[in-house]
Amino acid sequence: MTPFRYEKPADVTKAIALGSNTPATKYLAGGTNLIDLMRETIERPETLVDVSHLTREIRDIDGGGLHIGAGVKNTAVAAHRGVRERYPLLAQAILSGASGQIRNMASVGGNIMQRTRCLYFYDDAARCNKRETGAGCDALQGFTRNHAILGSSASCVATHPSDMCVALAALDASVQLEGAQGTRRSVKLTELHRLPGDTPEIETALQPGELITAVELHPNPFANRCSYRKVRDRSSFAFALVSVAAALDLADDGSIREARLALGGVAHKPWRARSAEVVLAGKLPSEMLFRQAADSELSAARPLPHNAFKIELVKRVIVSSFAALARRKVTSA
């Protein structure tokens, strides 16, 4: 491991001041991804700024939403009563990700900022544009079972590994950012992560030194009809081949007032399936309609030699997820 300097600031302002000093500075929360990357010498920060003790509050916000500090551990989010009652989709997704031990350490901000688990990214003998700008991408001619079918490019076909972020994308969550001189801004989770294009090494919309301080969830009608389904190679700790965060709001006549759909394991970022949502809006639910919505979303898929199966797989999970939600009996408290 490359030697580094360690700082543990007393507050967010001091953390951001330290984080803005040099591009070779990284924020450290749970460390469940960053420390692994440092061991592999993929990440070589000169300074680690420990923010694990900061922004660890979950509280209600005006209008009935929820503010979740970036330093809150994944286990605490999934167990929080407000999350389980108002945003069960998020709790389901978190519990589908990683092991209990990792969830106990991993933070909300760290989960959002985790990097791909592409094997070629981790293999320093392979060419990888994310690891070394302009090096090329050996995954394109390699084993592509776990790689992207949507939004990829000739520079990168890696996928984003987070389960939590797929649920946050479906819930239209906002990420709160703070930068130098006290600048603050809010970015939709769906706009935070970038598609690879020609610059796959630029993974998010964060500016240098910016720190994620919170995620905010807004009121929605999906608490009773939502689900997170994850298909993986083994039922124990494994990253998704495909995952589906689905939610329905039905009108009194049974038609779909609004639908939400986000996909994991298929793209460089959590994939909000807006084409499918448009197909579903205002229609009466049926398996044929759900298949039409899935077909619409996956029409842009560009599979690689070993992952064409993902197209049909994700379509079937979309259909079964929405069909089960449409049948679900909802009772008033």
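By convention here, the first residue in the shown sequence is residue 1.
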Is the shortest heavy-atom distance from the side chain of Ile256 to the side chain of Phe322 under 4.5 Å?
no

Which pair of non-hydrogen atoms, one from Arg131 and one from Tyr122, has the smallest distance, and what is that distance?
NH1-N, 4.4 Å

Do Leu66 and Val215 share a hydrophobic cluster (ILVMFWY, side-chain heavy atoms under 4.5 Å, transitive)?
yes

Could you check if a side-chain atom of Asp124 sits within less than 4.5 angstrom of a side-chain atom of Ile42, using non-hydrogen atoms only?
no

Hey, does the side chain of Lys230 reach the backbone of Ser96 with a donor-acceptor pair shorter than 3.5 angstrom?
yes

CG of Asp198: more than 12 outside heavy atoms within 6.0 angstrom?
no

Looking at Thr159 and Ala148, what are the two nearest heavy atoms and their distance?
CG2-N, 3.5 Å

Quiz question: by atom type and distance under 3.5 Å, do the side chains of Thr199 and Arg194 form a donor-acceptor pair?
yes

Looking at Asp249 and Arg225, is there a salt bridge between them, counting it only when a charged N and a carboxylate O are closer than 4.0 Å?
no

With a 4.5 Å cut-off on side-chain heavy atoms, are Arg39 and Ile35 touching?
yes

Asn104 and Thr75 side chains, donor-acceptor separation under 3.5 Å
yes

Establish, from distance only, whether the side-chain atoms of Asn74 and Asn111 form a donor-acceptor pair under 3.5 Å.
yes

To the nearest 0.5 Å, atom CZ of Arg115 lies from atom CD of Glu201 at 9.5 Å

Going by atom types only, do Ser320 and Arg229 share a side-chain donor-acceptor pair under 3.5 Å?
yes

With salt bridge (charged side-chain N to carboxylate O under 4.0 Å, His left out) as the test, pick out the partner of Glu277 among Arg257, Lys283, Arg260, Arg272.
Arg272

So does Ala98 get a backbone contact from the side chain of Arg103, meaning a donor-acceptor N/O pair under 3.5 Å?
yes

Flag side-chain contact, heavy atom, 4.5 Å: Thr32 against Asp36:
no

Does Glu287 have more than 12 heavy atoms from other residues, nucleotides or ligands lying within 6.0 Å of its CD?
no

Pairwise distance CG(Asp295) to NZ(Lys315) - rounded to 0.5 angstrom
4.0 Å

Which pair of non-hydrogen atoms, one from Ala170 and one from Leu89, has the smallest distance, and what is that distance?
CB-CD2, 4.0 Å

I want to check something: taking the side chain as every heavy atom from C-beta on, are Arg86 and Asp60 in contact at a cut-off of under 4.5 Å?
yes

Donor-acceptor pair, Arg5 side chain versus Glu46 backbone, under 3.5 Å?
no

For His193, does its backbone N or O pair with a side-chain atom of Lys269 as donor and acceptor, under 3.5 Å?
yes

Got a donor-acceptor contact below 3.5 angstrom from the His306 side chain to the Thr144 backbone?
yes

Should Phe237 and Ile102 be marked as a side-chain contact (heavy atoms from CB on, under 4.5 Å) after you check the CA-CA gap, both sets of side-chain angles, and the distance that decides it?
CA-CA 10 Å; Phe237 171 36; Ile102 291 176; 3.8 Å; yes

Report yes if the side chains of Tyr27 and Met113 come closer than 4.5 Å at any heavy-atom pair, otherwise no.
no

Do Leu95 and Val244 land in one hydrophobic cluster if side-chain heavy atoms of ILVMFWY residues count as linked below 4.5 Å?
no

Please find the pair of heavy atoms, one from His218 and one from Glu216, that lie closest to each other, and give the distance.
NE2-O, 3.8 Å

Test item: Leu313 and Val231 side chains (from C-beta on) under 4.5 Å apart, heavy atoms:
yes

For Phe4 versus Pro45, what's the shortest heavy-atom pair and its separation?
CB-O, 3.4 Å

Test of understanding: clusters of I, L, V, M, F, W, Y form through side-chain heavy atoms closer than 4.5 Å, transitively. Do Val279 and Leu248 belong to the same one?
yes

With distance as the sole test, does Lys73 use its side chain to make a donor-acceptor pair with the main-chain N or O of Arg56 at under 3.5 Å?
no

Without swapping roles, check the side chain of His147 against the backbone of Pro303 for a donor-acceptor pair under 3.5 Å.
no

Got Thr2 and Met38 here, is their nearest side-chain heavy-atom distance under 4.5 Å?
no

Show your working on side-chain contact (heavy atoms from CB on, under 4.5 Å) between Ile212 and Leu206 and close with a plain yes or no.
CA-CA 9 Å; Ile212 297 174; Leu206 267 71; 4.2 Å; yes

Would Leu195 and Leu189 show up in the same hydrophobic cluster when neighbours are defined by side-chain heavy atoms closer than 4.5 Å?
no

Leu304 reachable from Ile311 in the ILVMFWY side-chain graph, under 4.5 Å edges:
no

What closest approach, in Å, do Glu297 and Trp271 show between heavy atoms, and which atom pair accounts for it?
OE2-NE1, 2.9 Å

Is it true that a side-chain atom of Tyr228 and a backbone atom of Pro88 form a donor plus acceptor pair closer than 3.5 Å?
no

Is a side-chain donor or acceptor of Asp163 paired with a backbone partner of Ala93 at a separation under 3.5 angstrom?
no

If the threshold is 4.0 Å, N to carboxylate O, is there a salt bridge linking Arg316 and Glu312?
yes

If we ignore hydrogens and angles and just use 3.5 Å, is the side chain of Arg328 paired with the main-chain N or O of Asn224 as donor and acceptor?
yes

